[in-house]
Each structure stands twice: as structure tokens, then as C-alpha cells.
Amino acid sequence: MEAVFRLSVLSSGSSGNATYLETGKRGVLVDAGLSCKKLKGLLARVGRGLDDVSAVFVTHGHADHTSGVKSLLRERRIPVYAAPGVAEAVKGSEPVPAGETLDFGALAATFFAVPHDAPTYGLRVSDGRRSAALATDLGEISFETIEHMRGVEALVLEANHDPEWLRRGPYSADLKRRVASRIGHLSNEQAAEAALALAPHGLKDLVLAHLSETNNSPMRATGTVRRVLKAAGHDGIRVRAAIARHPTPWIEVGQPIQDHRHVYRYGEEGAERSRLFDLG
Ligand SMILES: [Zn+2]
Ligand SMILES: [Zn+2]
């Protein structure tokens, strides 16, 4: 039987980021922005532990993605991989050039560069048949970024803020400018645009991540993205939001989309038939 390829975003946002992906016996963490103790607690909530983690990938050097690496390495000798500009900043990590695929047999992973205010990378992970990608902490979605994510069936993508909420919110003018800039963070609208570009290429599950607790809400983010996808006829794509300190349910990569319109018509037809049967 084929191994299930699945993931759970354990925690997401400026207070700390970590995502767990696994296929068969091979599990990896993407980012470790929480203490080892907290990571263990979050892993336990999806029925896993540090023994299941065979590698850690670090997307960039900001503390909300790296603060747990040191305590993790103190407890377990797990290889940590990072791309140029990040590996230098994360002690104990092994450098991997962007675009080079690390092959672990059951899983293969490739970093791709994204625009942020520090060297930052997205990650594409494949089990040979299905793929997932993660990209949080990026200021804009370029054509190249879409190319790197094309064909993924599950995507963890930043939807940091609602532009209107950011504009009216309490941040200083400087910080507002930085967040909204091309090396800042993605808005809900930008996430929706990316989802729209990937929708015709097999996207089935979208997890909106790195939501600001000040300038966004899970309802606002998922509402905006769902509306855009629905208007273009892609209402089968499952859109969720990841939040801080609570793991998302398991997301099985490649789980087929249910066509709601089809199910609805089928139900109607069934109702019609049973009415006829009652009359008879
Ligand atoms: Zn971050
Ligand atoms: Zn960052």
C-alpha cells in the first residue's frame, strides 16, 4: 500500500512557526520557531514526537522560524538544512544551494528563493508522486515563485494581512510600509492571486499561514481567498487558516476534490426518486 503523504502546520505567526510533514516513516520539520518543549507539545497533539523528525529545514533566519533550533539540537542530533544566507545565521545547520534537491528516498525537498527583508526561501517537498510547498514571509508573488509551486497539491502560503486593516491599524507608518513592501509580507489578496494561478494546476488544499493577529483574522483571510477562487469556478479547493499554538488537522496531500455542485445535483436527483417511490 502506498504511504500517505500528509502535513500539519503546528503553529503559525510571528510568535513562532513550525510545520510537520511525513510520508511513511519519514517525517520532517519546516522551521522551528518555538522552544523544543513547545515543539514536543505540539507534535504530541498530532500523535508524533521528536523521534519521528528526521530532518529540519529552516526557511530564513528570523527568530520566529529559528528560535527552537538550538534547544532542539541539544536534545537530538537531527540534521538541519538551510540555504545560502540562512545557513550562516543558523548555528549547526548544513548549507544547501537553492534549486538543489535533497533526496531522502521517501521524500525529496528543494528550496527556492523568495523576496523578504532577509535571505528567505520557500520549500517544495515531494514523495515522488505528489508535491506540497510552503512559502511564508515573502513580500510578493513573482512569476518565478509561481513556477516553483506549480503542480503542488497542497500549499502552505502566507496571508499576513488585510491591506485595509493594516492601513487603519495601530502599526507605526514605518512598520506599515515595511509589511506592505515587496520584501515584507503577503496580503490576503496577494495570497488569493497566487492560489488562482495555481488552481488550474492541481491545487487541492491551501493553508493560509503567518496571519497577523493585529491586521488579519482567520475568517477574513479564508473569506477573501475563498471568494476569489469561487468567482473563478475553483470552489472545490479546501482553504484553511493556520493559527498560533494550535496544530491544523492532518492534511493529506493529493486528497481528491469533492465537486460540491455535482454532489448537490446528485442529492436533488435522489430526493426526486424517493418521492416517486413513496407515491408508488
Ligand atoms: Zn516570520
Ligand atoms: Zn521573516
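In this text, all values refer to a predicted model and were calculated from it rather than measured experimentally. Numbering starts at 1 and runs along the sequence shown. We use all heavy atoms of the structure for the numbers below, so side chains are in, but hydrogens, waters and symmetry mates are not.
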- Message: I'd like to know if the side chain of Asp137 reaches the main chain of His185, judged simply by a donor and an acceptor atom lying under 3.5 Å from each other, with no hydrogens or angles considered.
- Response: no

- Item | Other ILVMFWY residues reachable from Leu175 by side-chain steps of under 4.5 Å | Leu166, Tyr171, Val179

- Message: A quick test of your reading: do over 12 heavy atoms of other residues, nucleotides or ligands sit less than 6.0 Å from NZ of Lys176?
- Response: yes

- Message: One pair to check against side-chain contact (heavy atoms from CB on, under 4.5 Å): Val80 and Val58. What are the steps and the verdict?
- Response: CA-CA 7 Å; Val80 178; Val58 179; 3.7 Å; yes

- Query: Is Tyr20 reachable from Leu157 through a run of hydrophobic residues whose side-chain heavy atoms are each under 4.5 Å from the next?
  - Reply: no

- Task: Compare all side-chain heavy atoms of Arg227 with those of Thr224 and state whether any distance is below 4.5 angstrom.
- Result: yes

- Task: With the side chain counted from C-beta on, respond yes when Lys40 and Leu50 share a heavy-atom pair under 4.5 Å apart, and no when they do not.
- Result: yes

- Write out all pairs satisfying ring-ring contact (aromatic ring centres under 6.0 Å, His included) with one or both partners inside residues 131-152, taking only residues at least two apart or from two chains. Phe112-His148

- Taken to the nearest 0.5 Å, the spacing of Glu94 CD from Leu102 CG works out to 8.5 Å

- Query: What is the minimum heavy-atom distance between Thr23 and Ala3, and which atoms define it?
  - Reply: OG1-CB, 3.6 Å

- Say whether Leu123 and Met149 are linked into one hydrophobic cluster, either directly or through other cluster members, by side-chain heavy-atom distances under 4.5 angstrom. no

- Query: Side-chain contact, heavy-atom cut-off 4.5 Å: Leu43 with Asp52?
  - Reply: no

- Any ring-ring contact (aromatic ring centres under 6.0 Å, His included) involving residues 22-46? Give me the pairs, sequence neighbours left out, ordered by first then second residue. none

- Item | Validation row: Arg240, Ile251 side chains within 4.5 angstrom (heavy atoms) | yes

- Check whether more than 12 heavy atoms from other residues, nucleotides or ligands sit under 6.0 Å from atom CZ of Arg182, and answer yes or no. no

- Does Glu100 use its side chain to pair, donor to acceptor, with the backbone of Pro97 at less than 3.5 Å? no

- Does the side chain of Ser71 pick up a donor-acceptor pair with the side chain of Ser35 at under 3.5 Å? no

- Query: Going from OG on Ser126 to CZ on Arg129, what distance comes out if it is rounded to the nearest 0.5 angstrom?
  - Reply: 10.0 Å

- Message: Between Leu42 and Leu34, is there a side-chain heavy-atom distance shorter than 4.5 Å?
- Response: yes

- Task: Identify the heavy atoms of Val56 and Ala32 that sit nearest to each other, and give their distance.
- Result: CG1-CB, 4.5 Å

- Passes side-chain contact (heavy atoms from CB on, under 4.5 Å), Val30 versus Leu7? Steps please. CA-CA 10 Å; Val30 181; Leu7 66 93; over 6 Å; no

- How long is the span from the NZ atom in Lys37 to the CG atom in Leu39, to the nearest 0.5 Å? 12.5 Å

- Note on the structure: Sorted by chain and residue number, the side-chain contact (heavy atoms from CB on, under 4.5 Å) partners of Arg26 (sequence neighbours excluded) come out as Ser54, Phe104, Ala106, Leu107

- Message: Using 0.5 Å steps for rounding, measure from the CZ atom of Arg77 to the CG atom of Leu72.
- Response: 10.0 Å

- Partners meeting salt bridge (Lys or Arg N to Asp or Glu O under 4.0 Å) with Glu158 (sequence neighbours left out): none

- Expected output: side-chain Glu88 to main-chain Gly85 donor-acceptor under 3.5 Å: yes

- Message: Evaluate Val28 against Glu22 for side-chain contact (heavy atoms from CB on, under 4.5 Å), listing each step before the verdict.
- Response: CA-CA 6 Å; Val28 298; Glu22 70 173 17; over 6 Å; no

- Note on the structure: In terms of heavy-atom contacts, Val86 and Pro119 come closest through CG2-O, 3.4 Å

- Task: May I ask you to test the Asp31-Thr66 pair for a side-chain heavy-atom distance under 4.5 Å?
- Result: no

- Do Leu138 and Val156 belong to the same hydrophobic cluster, where Ile, Leu, Val, Met, Phe, Trp and Tyr are linked whenever their side-chain heavy atoms lie under 4.5 Å apart, directly or via other members? no

- Test side-chain contact (heavy atoms from CB on, under 4.5 Å) on Val225 and Leu208 and set out the steps. CA-CA 9 Å; Val225 175; Leu208 302 175; 3.7 Å; yes

- Flag the pair Tyr121 / Phe57 as yes when at least one side-chain heavy-atom distance between them is below 4.5 Å, and no otherwise. no

- Item | Nearest-0.5 Å distance that lies between atom CG in Leu134 and atom CZ in Phe111 | 10.5 Å

- Message: Please determine whether a side-chain nitrogen of the Lys or Arg among Arg130 and Glu153 lies less than 4.0 Å from a carboxylate oxygen of the Asp or Glu.
- Response: no

- Does Val207 share a hydrophobic cluster with Ile237, counting links as ILVMFWY side-chain heavy atoms below 4.5 Å and allowing steps through other members? no

- Item | Under the ring pair (Phe, Tyr, Trp, His ring centres under 6.0 Å) test, residues paired with His62 that sit two or more places apart | His60, His116

- Message: Tell me every residue that passes side-chain contact (heavy atoms from CB on, under 4.5 Å) with Pro218, counting only those two or more places apart in sequence or in another chain.
- Response: Leu211, Ala241, Ile243

- Note on the structure: In terms of heavy-atom contacts, Ala132 and Val152 come closest through C-CG1, 4.0 Å

- Answer yes or no: is there a donor N or O on one side and an acceptor on the other, between the side chain of Thr120 and the main chain of Ala118, under 3.5 Å? yes

- Query: Can you list every side chain to side chain donor-acceptor pair (under 3.5 Å) pair that touches residues 211-220, not counting sequence neighbours?
  - Reply: Asp162-Arg220, Asn188-Asn216

- Write out all pairs satisfying ring-ring contact (aromatic ring centres under 6.0 Å, His included) with one or both partners inside residues 34-54, taking only residues at least two apart or from two chains. none

- Partners meeting side-chain contact (heavy atoms from CB on, under 4.5 Å) with Ala89 (sequence neighbours left out): none

- Evaluation steps, side-chain hydrogen bond (donor to acceptor under 3.5 Å, both in side chains), between Asn17 and Asp64: CA-CA 6 Å; Asn17 295 275; Asp64 57 322; 3.2 Å; yes

- Under a 4.0 Å N-O cut-off, is there an ion pair linking Asp235 with Arg226? no

- Query: Going hydrophobic residue to hydrophobic residue with side-chain gaps under 4.5 angstrom, can you get from Val53 over to Phe5?
  - Reply: yes

- Of all heavy-atom pairs linking Ser8 and Val46, the shortest is OG-CG1, 3.6 Å

- Task: Determine the minimum heavy-atom distance between Ser131 and Val253, stating which atoms define it.
- Result: O-CG1, 3.5 Å

- By side-chain contact (heavy atoms from CB on, under 4.5 Å) - contacts of Glu252 (at least two apart): Val4, Gln255

- Crowding at CZ, Arg168 (>12 non-hydrogen neighbours, <6.0 Å): no

- Between Leu29 and Ile78, is any pair of side-chain heavy atoms under 4.5 Å apart? no

Can you give each donor-acceptor pair under 3.5 Å made by side-chain atoms of residues 9-16, sequence neighbours left out, with the distance rounded to 0.1 Å?
from  : atom 1 : to     : atom 2 : distance (Å)
Ser11 : OG     : Gly16  : O      : 3.3
Ser11 : OG     : Arg245 : N      : 2.7
Ser12 : OG     : His210 : N      : 2.7
Ser15 : OG     : Arg245 : NH1    : 3.1

- Nearest-0.5 Å distance that lies between atom CG in Leu186 and atom CD in Glu193: 10.0 Å

